[in-house]
Amino acid sequence: MSCIHQDSPIPPNAKQGIIDLRNWNFEKDGNVFLNGEWVIHWKNLDPNPINNYPSFTKIPGNWTENLTEVLPNGYATFQLKVLVNPKVKSFYLQNGVTRNAFRILVSGETIYESGKLGTDIKSEVPNISIQTVSIPKNDGGVIDLRVQVSCFHYHVCGIATPYQFGTNETINKSFFEATSRDILVFASLGTLAFFHFVLFLFWRDEKTHLYFSFVCFLASIRILSIGETRLIYNYLPVGLYEIMIRINGFTFTLLYLSFVRYVQEVYPDKKYQNIYLINYLFALLLLIGTPFPSTVYAKIQSYHLILSLFGLFTLIYPIFHGVLIKKPGAKFFLFSLVATMLLFSLDILTEFAKKGTAYLAQYGFLVFGLSQALFIADRMIQNFKNKEKLKQEKELAVAEVKFKSAFLSTMSHEIRTPMNGILGMTQMLGQSNLNEEQKEYLSLIQFSGENLLLLINDILDLTKLEAGKFELRSETVVLPKFLNDIVQLFRSKLKDNHVQFELVFINEPPTYILTDQRRFTQILSNLLGNAVKFTEQGKVTVSLKTIVLNTNKCILRIQIIDTGIGIPEEKLPLLFQPFQQIHSHLSDKTTGTGLGLTITKKIIEEMLGTISIESVFGKGSIFTIELPVAIGSLEINSEIQTEKQNILNLTEWEKNLASLYPLTILIADDDPINLKVSQMFLKKLGYDALLAENGTQTLKLVETENPDFIFLDVQMPDLSGIEVTKQIRSQKNRRKQPIIIALTANVMEEEKEKCLTSGMDDFMTKPLLIQDLVFMIKKWFKG
């Protein structure tokens, strides 16, 4: 009796079908679980069963004969005498999960029934319901409680969770609290699901929000059918048990799949792939049992819970590894998973009648959901920090690229300006009367100057390719003529007859194609230049095979085949790396930048093509290009195409050009040497050019002399070439507008766009060649 007056008295248990609650203070100490030994009348549904040799079973738990022998599917009556204080006016009972149909009786009078009792699977109508019911008043202080149960639709039979006994106030309070907990968990998980789905709509690249919202949504839905009070069953018509058991299994499969996909999204490392695949397989295995009867399906579902627990255990590895490498929020993740697994384990024990507790997985879901919310919040904060850091790094990188581009543009301008004088005067000096020794010296000067210019061009091309500012311009090219001109140009460079040069068409090529002719020329020139350089004798072959895709597209398969010194196999991986000269130790022909093949490969890739190489050291090499192009026609850009291709055959100066193309030409340049070079070039062509040293002089000469052509330097001290152009173009009352051609040492695309946008007609880069002047005069002469 002393224990009754303790702060937390131990509730009594039933012994041999009797539980004594006469001294239990319900108002002070709450309800009592009617756990312990109940009498069981096997295969007996008599309202007043008589058994002279009673057998006992433990409640809650699987029904047994004499507490030891587990009974199969069937039907029985459980009986318990509850001794109570006669002074207490009324008592209430809350039933636990009882499989599959049951009826509660007091003194032979039915007070509640769930489903329809049966003596076989056909006559039984299963149902799950948790309710509170009033116990009829008993003046003798003894309540004869009986629960009749039939179980043919589940693999484990009996009373799975405790029955509670108490007063009206305590039982209703307990039921209300249990219902409130279920609603709280349902609402909490539902809110988390909605919140994170909205987050996903804002951050589509963060799929963790999507999968987490799926997990929370499915968990919240399952609370309705697996919570303490099984809320949904109170509102469903009787007879849907078999459907609900399959719906529960299907939602569990979806929940499991969503959870594994969520973990995979958080920890996507490929070394965890086998763990994820195993869990996906475990999740889907439950679907195999769908066609089986409910008894078999329920058994599969129960064992599947154990398999799922094992699968969840394997997921600890990537999460624990995240803790070790200090991944943001990993500790929250690990805690939530372990808590969920513990409660999940208790539910599995209850499922197999090994532990008589209320189902607690819903609280595991709640702990999981709230912990994961903290995990995702921590992860989001870290991501925001990382994004801010990346933003700063990107801004720094952009600033560095801009500085690099500006630096290269400036250096290009500063180097090209004196190079214009060197190469220009070299050209002029080459036309004078020189002895052989002087010609040799001049040849060396020109060779060195051209190599320096090649280095500048290669570095600028590579910079534009790496910065993503490389532009392609589609134009019509007469393919057979273009290839013949290229081959003829390189054939003319051969100093002796030891090397043959040939062009082979494997099949009929298209006459016209649409491509960037300048870049196409650059590709072939780089490859042919190398072939010629490293082939002392034998043959260099350009082979073309056309692979027609449709009437508008084809692939050009071009092979550059040489019988040169070849490339060692171990050097092939270095071939397309910048600044690598493969033959530097094998040949004295090491002139060049080591950038040609790197740039060639990048240009081909920009044109959506491919390049490959086969080489045998000492025997030669085969470079194969596959380039997709559009098939063109004569009408498209034919005029521009013809003019641009003519320059390939231009090998002599046209000293009488002025008589054929009479023009008044003005040259504006603030560099006196460049001005002199341009003047001398034009004088060779028969023109007496007007000269201006700055923008102001240029405008005055335009006003007084009205020139036809202006070769205009872009960078001048007082007025830039762009400002001069805008002023000339703004003079609407001028009788005729001159052709204005930009003359600049800046070769960046941005500079060209600025010039053309300001109103200039064309664009020339320094250093100038006399052929460039001839080309421009012919192109823009209007008669």
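In this text the structure is predicted, and so the values were computed from the model without any measurement.
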*What distance do Gln679 atom CD and Leu690 atom CG have between them, rounded to the nearest 0.5 Å?*
10.0 Å
*Ala742 versus Val714, closest heavy-atom pair with distance*: CB-CG2, 4.1 Å
*Determine whether Lys676 and Ile673 make a side-chain contact, defined as any pair of heavy atoms from C-beta on separated by less than 4.5 Å.*
no
*Are Asp762 and Trp780 linked by a side-chain donor-acceptor pair shorter than 3.5 Å?*
yes
*Do you know which two heavy atoms are closest between Leu691 and Gln697, and how far apart they sit?*
O-OE1, 4.4 Å
_Can a donor-acceptor pair be found, under 3.5 Å and without considering hydrogens, that links the side chain of Thr757 to the backbone of Glu753?_
yes
*Could you state the interatomic distance from CD1 (Ile560) to CG (Leu528), rounded to the nearest 0.5 Å?*
4.5 Å
*Could you tell me the separation between the CD1 atom of Ile710 and the CD1 atom of Ile739, rounded to the nearest 0.5 Å?*
9.5 Å
*Can you check whether Leu524 reaches Ile558 side chain to side chain, under 4.5 Å on heavy atoms?*
yes
*Does some side-chain heavy atom of Lys754 sit less than 4.5 Å from a side-chain heavy atom of Ile722?*
yes
*Any side-chain heavy atom of Val540 within less than 4.5 Å of one from Ile561?*
no
*Contact summary for Ser525 and Ile486, nearest pair of heavy atoms*: OG-CD1, 4.4 Å
*Locate the shortest heavy-atom distance separating Ala692 from Leu701; write the atom from each residue and the value.*
CB-CD1, 3.9 Å
*Side-chain donor/acceptor of Glu705 to backbone N/O of Val702, under 3.5 Å*: no
*asked:* Just verifying a value: how many Å separate Ile625 CD1 and Ile611 CD1, rounded to the nearest 0.5 Å?
replied: 5.0 Å
*Taking the six-membered ring for Trp, is the centroid-to-centroid distance between Phe520 and Phe482 below 6.0 Å?*
yes
*Does the pair Lys779/Asp772 count as a salt bridge with the N-to-O cut at 4.0 Å?*
no
*side chain to side chain contact (heavy atoms under 4.5 Å, CB included) partner of Pro707, the single match among Thr664, Ile667, Thr698*: Thr664
_Set out, in order, the CA-CA distance, both residues' side-chain angles and the distance that settles side chain to side chain contact (heavy atoms under 4.5 Å, CB included) for Phe501 and Val542, then state yes or no._
CA-CA 8 Å; Phe501 218 110; Val542 180; 4.3 Å; yes
*Counting only N and O atoms by type, is there a donor-acceptor contact under 3.5 Å from the side chain of Thr725 to the main-chain atoms of Met760?*
no
*Is it true that a side-chain atom of Asp562 and a backbone atom of Ser621 form a donor plus acceptor pair closer than 3.5 Å?*
yes
*Does the Thr563 side chain pair with the main chain of Lys539, one donor and one acceptor, at a distance under 3.5 Å?*
yes
*Close side-chain approach of Leu514 and Glu475, heavy atoms under 4.5 Å*: no
*Determine, for Glu606 against Lys602, whether the closest basic-nitrogen to carboxylate-oxygen distance falls under 4.0 angstrom.*
no
*For Ile777 and Phe709, which heavy atoms make the closest approach, and how far apart are they?*
CA-CE2, 3.9 Å
*Verify side chain to side chain contact (heavy atoms under 4.5 Å, CB included) between Leu627 and Ile555, making sure each step is shown before the conclusion.*
CA-CA 5 Å; Leu627 208 60; Ile555 294 176; 6.0 Å; no
*asked:* Counting only heavy atoms from other residues, nucleotides and ligands, does the tally under 6.0 Å from CD of Gln537 exceed 12?
replied: no
_Separation between CG of Asp688 and CG of Leu682, rounded to the nearest 0.5 Å_ = 9.5 Å
*Determine whether Phe623 and Asn530 make a side-chain contact, defined as any pair of heavy atoms from C-beta on separated by less than 4.5 Å.*
no
Side-chain donor-acceptor pairs under 3.5 Å in residues 543-554, sequence neighbours left out?
| from | atom 1 | to | atom 2 | distance (Å) |
| --- | --- | --- | --- | --- |
| Asn550 | OD1 | Asn552 | N | 2.8 |
| Asn550 | OD1 | Lys553 | N | 2.8 |

*If only atom types and distance count, is the side chain of Thr535 paired as donor or acceptor with the main-chain N or O of Val532 below 3.5 Å?*
no
_Stepwise side chain to side chain contact (heavy atoms under 4.5 Å, CB included) check, Ile567 with Ile613_ = CA-CA 10 Å; Ile567 301 168; Ile613 179 174; 3.5 Å; yes
_Taking Glu693's backbone N and O only, do any of them form a donor-acceptor pair with Asp670's side chain (distance below 3.5 Å, no angle check)?_
no
*Less than 4.5 Å apart, any side-chain heavy atom of Leu503 and any of Asn484?*
yes
*If you round to the nearest 0.5 Å, how far is CG of Leu479 from CD of Gln517?*
10.5 Å
*Are Met764 and Phe711 side-chain neighbours, meaning at least one heavy-atom pair lies under 4.5 Å?*
yes
*Which atoms form the tightest heavy-atom contact between Ile741 and Phe763, and what is the distance?*
CG2-N, 4.2 Å
*Side-chain donor/acceptor of Asp718 to backbone N/O of Gly695, under 3.5 Å*: yes
*Quick one: do Asn526 and Leu597 satisfy side chain to side chain contact (heavy atoms under 4.5 Å, CB included)? Show the steps, please.*
CA-CA 7 Å; Asn526 280 338; Leu597 287 178; 5.6 Å; no
_Tell me if the NZ atom of Lys736 is crowded by more than 12 foreign heavy atoms within 6.0 Å._
yes
